[in-house]
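Report on the structure given below.
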Amino acid sequence: MKYWLMKTEPTTYSVDDLANESDLTTCWEGVRNYQARNLLRDEIEEGDRVLFYHSACKTPAVVGLATVARGGYPDHHAWDKKSHYFDPKSDPESPTWFMVDVKLDQKLERPVTLAELREEATRARSPLSDMVLLQKGSRLSVQPVTKKQFDRVVKMSQS
DNA sequence: GCCAACGTTGGC
DNA sequence: GCCAACGTTGGC
């Protein structure tokens, strides 16, 4: 099992939106970055765990835990001309873009803010010290986290 | 709203 | 293949 962090802008799609889905599940469509695409297509599998992160908002934070409900499959929005995510270069015969399904396990009791993550990362031997999210210039919308990082973030949400 | 960092595009 | 211009991300 692997661990990931997925970013979403809450004004576009928030953890509450996911909580309001009838089956607590949504497809993670619209990723249009090749590095993230490769993860979605090749690495992310059913059962993997996800930190659900709110970005580009007043208080960026990990706000929920989710599980991958379906591994990588073609993002059909790419060839829907009416979709915001339409991409004329993506061919249904050989899809360019992929997505996964994620299911919400729980909203965190307490969001773990980016500021707290940064602070924790400065502590000696913190598992967060090499967290991708905290690296300068990092803006991958789907990124790997280690089990230790995942567990630490969960623990921070409980204290 | 600003701006640094990064990714993509396209002329050459 | 280089690189300038442009677009996007996302913290602050």
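Fair warning: this is a prediction, and the values are worked out from it, not measured in the lab. In what follows, chains carry the letters A, B, and so on, assigned in the order in which the sequence lines appear, proteins first and then strands, with residues in each chain numbered from 1.
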[X] [atom1] - [N] [atom2] separation (whole Å):
| X | N | atom1 | atom2 | answer |
| --- | --- | --- | --- | --- |
| A:Asp87 | B:dT8 | CG | C1' | 12 Å |
| A:Glu9 | C:dT8 | CD | C1' | 10 Å |
| A:Leu114 | C:dT9 | CG | C1' | 14 Å |
| A:Asn33 | C:dG10 | CG | P | 9 Å |
| A:Gln135 | B:dC6 | CD | C1' | 14 Å |
| A:His54 | C:dG11 | NE2 | P | 12 Å |
| A:Arg139 | B:dA4 | CZ | C1' | 10 Å |
| A:Lys136 | C:dT9 | NZ | P | 20 Å |

For [N] and [X] - does any side-chain N or O of the residue sit under 4.0 Å from the phosphate oxygens OP1/OP2?
| X | N | result |
| --- | --- | --- |
| A:Tyr53 | C:dT9 | no |
| A:Lys7 | C:dT9 | no |
| A:Arg118 | C:dC12 | yes |

Report the residue from A:Val68, A:Thr25, A:Val50 that forms a side-chain contact (heavy atoms from CB on, under 4.5 Å) with A:Lys103. A:Thr25

Is the terminal nitrogen or CZ of A:Arg70 (NZ for Lys, CZ for Arg) located under 6.0 angstrom from the six-membered ring centre of A:Tyr73 and within 45° of that ring's axis? yes

Taking the ring centre of each residue, are A:Trp97 and A:Tyr34 less than 6.0 Å apart? yes

In terms of side-chain geometry, is the basic nitrogen of A:Lys107 or A:Asp16 positioned less than 4.0 Å from the acidic oxygen of its partner?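 A salt bridge links A:Lys107 with A:Asp16.
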
